[in-house]
Amino acid sequence: AQSVTQPDIHITVSEGASLELRCNYSYGATPYLFWYVQSPGQGLQLLLKYFSGDTLVQGIKGFEAEFKRSQSSFNLRKPSVHWSDAAEYFCAVTSGAGSYQLTFGKGTKLSVIP
Amino acid sequence: EAGVAQSPRYKIIEKRQSVAFWCNPISGHATLYWYQQILGQGPKLLIQFQNNGVVDDSQLPKDRFSAERLKGVDSTLKIQPAKLEDSAVYLCASRLPGGGRQETQYFGPGTRLLVL
């Protein structure tokens, strides 16, 4: 069965600093990977997704992620964090053909210091 | 385009009471999911519908949870009777039926349930 690990429960960065959120997955076949963001009291919004091709994926709000098959990782990055980026971030992987269910990690909460 | 709608946004009940949540997916999205998100964890799938049929309900606690999507559009998730451990956010998501695994799931704002 597929699984997703987000090693960092909570990260605090200063506004303007760079950010990297870690995600490791376990999946037997070629993974389809997603990053979602959840602001307080809100649903999940898709930041970016990877399913094939270029391993560096660009998303919304200035985020990018890099798929590294050898490390089973899909880390999310942003060069300069804004206070509005404070939220919880979830990495997810899809299941096999047909049902396309998402398996989520436990999330990383991002706090931004002004 | 309107997003996934859910109601109510918040609900407080006592244990052993019943509660129902409603979801209206994005127009044309035949696939609908219900997730449970307990505080401090990622969402966990409860049930998946394709039109008005159940694709997967293996993670749904069927002794107390039920869900339906009678006309293949709106869906209702019910808990009866509720337990303290059911306190969570219940998220509804929808997606187009085709497009393969890369097709995006769109999430509603969720219903936050507190069981006292």
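Note on naming: letters A, B, ... go to the chains in the order of the sequence lines (proteins, then strands), and numbering restarts at 1 for each one.
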(message) Other residues, nucleotides and ligands only: do more than 12 of their heavy atoms fall within 6.0 Å of CD1 on A/I9?
(response) no

(request) Nearest 0.5 Å please: distance from the OH atom of B/Y106 over to the CD atom of A/Q45. (result) 10.5 Å

(message) Tell me if the CH2 atom of B/W22 is crowded by more than 12 foreign heavy atoms within 6.0 Å.
(response) yes

(message) Hydrophobic cluster membership, with links at side-chain heavy-atom distances under 4.5 Å among I/L/V/M/F/W/Y: are B/F49 and B/L45 in one?
(response) no

(request) Might you point out which heavy atoms bring B/G42 and A/F90 nearest each other, and give the distance in Å? (result) CA-CE2, 3.5 Å

(message) So for A/E88, is it side chain, backbone, both, or neither that comes closer than 4.5 Å to the heavy atoms of chain B?
(response) neither

(request) Measure the shortest side-chain to side-chain distance between A/Y36 and B/T104 over non-hydrogen atoms and say whether it is less than 4.5 angstrom. (result) yes

(request) Take atom CG of B/L39 as the centre, draw a 6.0 Å sphere, and report whether it contains more than 12 heavy atoms from other residues, nucleotides or ligands. (result) no

(message) For residues B/L46 and B/V89: do they belong to one hydrophobic cluster (side chain heavy atoms under 4.5 Å, members Ile, Leu, Val, Met, Phe, Trp, Tyr)?
(response) no

(request) Heavy-atom distances under 4.5 Å only: say whether A/L44 touches chain B with side chain, backbone, both or neither. (result) both

(request) Supply the atom-to-atom distance B/K44 NZ to A/Q101 CD, rounded to the nearest 0.5 angstrom. (result) 12.5 Å

(message) How about CD on B/E14, more than 12 heavy atoms from neighbouring residues, nucleotides or ligands closer than 6.0 Å, or not?
(response) no

(message) At a 4.5 Å cut-off on heavy atoms, which part of A/Y50 comes close to chain B: side chain, backbone, both, or neither?
(response) neither

(request) Check each atom of B/Q37 against the heavy atoms of chain A and say whether the ones under 4.5 Å are side chain, backbone, both or neither. (result) side chain

